[in-house]
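Beneath this line is the structure, given in structure tokens, with notes to follow.
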Amino acid sequence: MKKEYIRSVLNIFASSPFKPLCIHANKGGDCVRKLSESVYAFCEGDMETVERLNHEIDDIEHEADVIKQTIRGELSSSIMLPVHATDLLNFLKPQDSISDEAQEVSYWLTLRRFEAPPEISTGFLELMDKTLATVEQYEKLVDTLSELLESSFSKRDVDDTLSLVVEVEEMEHQVDVIEKDMVRKIFRNEDVLGGVGVFHLTRLVMGIGKIADNAEHAADRLRTMVLRR
Amino acid sequence: MELFDPLVIMLIIAGLYMAWNIGANDLANAMGTSVGSGALSIKQVIIVAAVFEFAGAVFFGKRVTSTIAKGIVPIDSIAMTDTHLVAIGMLAAILAAGFWITLATFYNLPVSTTHSIVGAVLGFGLIAAYNGIIGFNEINWPVLFKIVASWLISPVLGALLAYIIFSLIRYFILQKSDDPYRIENKFVFLQVATACFIAFAHGSNDVANAVGPLYAALHALDMAGVTVPLWVMIMGGLGMVFGLATWGYRVIETIGTKITELTPTRGFSAEFATATVVVMHSYIALPISTTHTLVGSVIGVGLAGGLAAVDLSVIGKIFLSWIITVPVAALTSALIFVGLLGIGI
């Protein structure tokens, strides 16, 4: 950086971790949106698209990692935030797992072609849709942080945020129900799918379920952060 | 003694250099927060700052100027021995302060012009006492103690006041509204008023750092009476405005583009608290650092939960600059004084 002939108050203003936090949440959302596309392509047997999307998800996940590292790197002990820094880092971790898990599932999609009865593919798509909806609701939740900061945590805005947390939790519960149902269906069709097929699909279903889990976990930590201020 | 005495001319030039520096950096810092929040454009800020800084300096700057000139070192007693000594001593003081400030600014250190000039004037007093011209007990230690205490108190006061102001805004306005962004728009106007206030406050306190030593010399040389001549204050005011116009706008730009966190409600709280504390000190004739008070006020807003991220490590740097500035400025001033006497000026 060019040295200016300046004595300034600038150093007192640290860069806010909240904007990068929102961008990071959206990167997670982008990964899951791509994953959803990939799951649809997978069910139609379009493995080329699955491969392409896998690379795209890899890139987005990497971008999310860089943002996460920047946020962590800038939170030295001298930085004063309106929330506890530990709480913020505790919530960043599960949020980062959203893109990690999406990447994992996307990779598993590339490993094997989909050959299963329509009953399975319908449930599979439903599970993906509900998971994506959960993650998108979670993005909305993280978005309210900027409003919270603007009004400096007014009671009304805090209540709005907390009600979104409850919605994310509710949606994650629905994902759980579909997930359990799917695993049962897969095992019921073990004759058609074969051992490897059962293993592959179970791994995929549990991976997608875990994405919603992570969103719920992050939402829970976000609530702690907002309440423990 | 003539106004065109080379010594007086050198004092005027050195004083103008200090004024330029104060305008270019400290004033720009105080004003930068208004640009950061988008309340005013850079052009508007410079016009507002020029008018109110000048007014503050000319109409409300005499008390602090007298403190710097006569409050710490008994220049009348020194003048009784030799009027010339005061003029040389004050030239040494302003050169030392100017040198230290230039160095600090070059290395982007948060050093205060106020602390530098107080240290430099003290250095002259100490060397005068060392040479037996005055007694050590003739240096006004209680006033010096009050000044140093005010350096500690003023940022804390700024923090406290900013904390209270922002908490009130938060409780009564921000939390009652549906749309916090609209409130911010309403505060834009208030912030324009505060920008005027802070420029006035800054002018009233910081002009002394530039013209205090000049007045002391003029007073000793019998070219100025018990009150500071108007032309001296006008010169100081013009020097600071010139500094702002020739360099300060760049500083404002740098600060303005980087402080986006300081929205109008936050900026208003920090600036109003700073300006109030500074004007209060100008009234009781104590020279304090506007910049350090502003840092305190920003921390106050942060403590009230108004800012996304505040870096408290600045406190350590400022504290260090306090401890270093006074001895360094005093020593440099004493050395320059001895040097000037040595070459027979």
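Just so it is clear: chains get the letters A, B, ... in the order the sequence lines come, proteins before strands, and each one is counted from 1.
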Checklist entry - Taking B:L312, B:V310, B:V314, B:N21 one by one, which has the highest count of heavy-atom pairs under 4.5 Å against chain A? => result B:V310
Checklist outcome for this item: So, the part of B:F166 with a heavy atom under 4.5 Å from chain A: the answer is side chain
Item to check | Region of A:S15 in contact with chain B, defined by heavy-atom distances below 4.5 Å | outcome: backbone
Checklist entry - So how far is it from A:I12 CD1 to B:L307 CG, rounded to the nearest 0.5 Å? => result 9.0 Å
Checklist entry - With only heavy atoms counted, which part of B:A30 is less than 4.5 Å from chain A, the side chain, the backbone, both or neither? => result neither
Next on the checklist: To the closest 0.5 Å, what do you measure between CG (B:L303) and CE (A:M80)?
Outcome noted: 4.0 Å
Checklist outcome for this item: Smallest heavy-atom separation, A:K155 atom then B:Q175 atom, equals N-OE1, 4.0 Å
Item to check | Option in A:A85, A:P17, A:P82 with maximal non-hydrogen atom pairs under 4.5 Å from chain B | outcome: A:P82
Item to check | Top contributor to chain A contacts, counting heavy-atom pairs under 4.5 Å, from B:D311, B:L174, B:I173 | outcome: B:D311
Item to check | Working for side-chain contact (heavy atoms from CB on, under 4.5 Å), residues B:R170 and A:S154 | outcome: CA-CA 8 Å; B:R170 177 173 175 243; A:S154 80; over 6 Å; no
Checklist entry - Any idea which heavy atoms bring B:R266 and A:L149 closest together, and the distance? => result NH2-O, 2.7 Å
Checklist outcome for this item: If one checks every heavy atom of B:T113 against chain A at 4.5 Å, the contacting part turns out to be both
Next on the checklist: Assess the residue pair A:R156 and B:K176 against the criterion (side-chain contact (heavy atoms from CB on, under 4.5 Å)); give the C-alpha distance rounded to whole Å, side-chain angles, the decisive distance to 0.1 Å, and a yes or no.
Outcome noted: CA-CA 9 Å; A:R156 194 179 320 181; B:K176 292 273 152 71; 5.6 Å; no
Checklist outcome for this item: Most contact-rich option vs chain A, by heavy-atom pairs under 4.5 angstrom, among B:I255, B:T105, B:N29, is B:T105
Next on the checklist: Which one wins on heavy-atom pair count under 4.5 Å against chain A: B:T102, B:I315, B:T291, B:V295?
Outcome noted: B:T102
Item to check | Top contributor to chain A contacts, counting heavy-atom pairs under 4.5 Å, from B:L262, B:I183, B:I318 | outcome: B:L262
Item to check | B:I169 portion near chain A, given a 4.5 angstrom heavy-atom threshold | outcome: neither
Checklist outcome for this item: Okay, A:E147 and chain B: the region with an atom under 4.5 Å from a heavy atom over there is both
Next on the checklist: I'd like to know whether NZ of A:K68 has more than 12 heavy-atom contacts from other residues, nucleotides or ligands below 6.0 angstrom.
Outcome noted: yes
Next on the checklist: More than 12 heavy atoms of other residues, nucleotides or ligands under 6.0 Å from OH of B:Y163: yes or no?
Outcome noted: no
Checklist entry - So does A:H84 have more than 12 non-hydrogen atoms from other groups sitting under 6.0 Å from NE2? => result yes
Item to check | Segment of A:F18 engaging chain B (4.5 angstrom heavy-atom cut-off) | outcome: side chain
Checklist entry - Side chain, backbone, both or neither: which part of B:V298 has an atom under 4.5 Å from a heavy atom of chain A? => result side chain
